[in-house]
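As structure tokens, the structure follows; a few thoughts come after it.
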Amino acid sequence: MPPKKIFLSVKNLSHAYHTKNGETQALHDINFDLFPGEFAAIVGPSGCGKSTLLDLVAGFIPVQTGSLVYPSSERPPAIGYMLQKDHLLEYRTIYKNIILGLEIQHQLTAENIAYVRSLMEQYDIADFADAHPHELSGGMRQRAALIRTLAGHPSFLLLDEPFSALDYQTRLDVSSDIVNIIREQKVTALLVTHDLSEAISIADRIIILGKRPGSIRSIVTIDFETKHRPSPQKARLHPKFQKYFDQIWKELKSDESIS
Ligand code: ADP
Ligand code: MG
């Protein structure tokens with residue numbers, strides 16, 4: 001078999017924050033590859049450097065040590081980012097929120113507007129185009145935030161605990177909804193979460209970080225051995241789900257740092 005094509009290679013990535021109180025080593029020697037179209041998750045205890053890793057990949061903070069390489073593309077891909085807070089602006093309508101990024105980047109072309117409208121139709125938010133954010137449920141708001149992100153045609157999506165502000169039941173529904181959209185769009189995605197069940201229900205592979213300074217303890221491939229990857233809701237009911245949970249939980253516990 002030919003070697004698998006690599007989308008992103010994270011090589012020897014370490015990171016330290018320098019503050020007036022001294023130095024905090026946040027990440028230590030992180031190495032992993034992402035494959036095109038895969039949905040990977042990073043799990044680890046709070047404070048182990050998950051957000052730092054995502055911020056480095058996003059380019060929000062400059063790389064100090066190590067490198068990020070995209071071997072199969074000449075330039076870094078267009079990156080979309082989703083956070084815990086949806087950052088929808090109350091004074092703008094949902095449509096105006098969704099096109100905000102395009103507006104700022106002077107990309108409000110007829111073609112892009114048509115694309116946004118089609119995404120809003122496809123993902124059942126067109127009826128809320130003229131509503132303001134407070135009129136939408138938490139789930140609908142996250143969906144609007146995702147469509148705003150997709151409007152920029154990202155080929156790489158970074159998600160930092162995007163569901164953790166939602167209550168448990170809503171979180172299950174919304175994460176399924178959002179993940180189904182992301183998989184349909186066939187982008188490569190990297191999700192950070194401290195919720196192990198969420199990671200197993202969503203991801204193709206889970207990168208497990210140990211306590212700060214975060215380093216990789218192991219990488220586990222999630223395979224439900226079904227023809228199509230089950231939806232997050234269905235995955236939670238799959239017999240292999242608990243096996244993966246126990247295996248990874250042990251891994252995290254052996255670090256005695258799960259919080
Ligand atoms: P996680 O997302 O896994 O909870 P973070 O990446 O946010 O972890 O943080 C990792 C460590 O780096 C923590 O100890 C945190 O306090 C520290 N840290 C994060 N951001 C900064 C910053 N801007 N300045 C100083 N220290 C930071
Ligand atoms: Mg974080």
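In listed order, ligands and their atoms are each counted from 1. Computed from a prediction, not measured in an experiment: that's the story for all the values here.
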Within a distance under 4.0 Å of any heavy atom of S46, pick out the atoms of ligand 1 and give their elements. 4 (O)

Within a reach of under 6.0 Å around CD of E111, are more than 12 heavy atoms found that belong to other residues, nucleotides or ligands? no

Name the orientation class of the two ring planes belonging to F241 and F245 (parallel below 30°, tilted from 30 to 60°, perpendicular beyond 60°). parallel

So is there a nitrogen or oxygen of T24 less than 3.5 Å from a nitrogen or oxygen in ligand 1? no

Within the protein, is there a heavy atom lying under 4.0 Å from atom 11 (C) of ligand 1? yes

Under 3.5 Å: N/O of A26 near N/O of ligand 1: no

Do other residues, nucleotides or ligands put more than 12 heavy atoms under 6.0 Å from K240 NZ? yes

Test side-chain contact (heavy atoms from CB on, under 4.5 Å) applied to M82 and H87, step by step: CA-CA 10 Å; M82 249 185 108; H87 295 284; over 6 Å; no

Just to check, does C48 reach to within less than 4.0 Å of ligand 1 when the distance is taken from its heavy atoms? yes

Side chain or backbone, does S51 bring an N or O within less than 3.5 Å of an N or O on ligand 1? yes

Heavy atom of protein closer than 4.0 angstrom to atom 16 (O) of ligand 1: no

Aromatic plane relationship, H153 with Y115 - under 30° parallel, 30 to 60° tilted, over 60° perpendicular: parallel

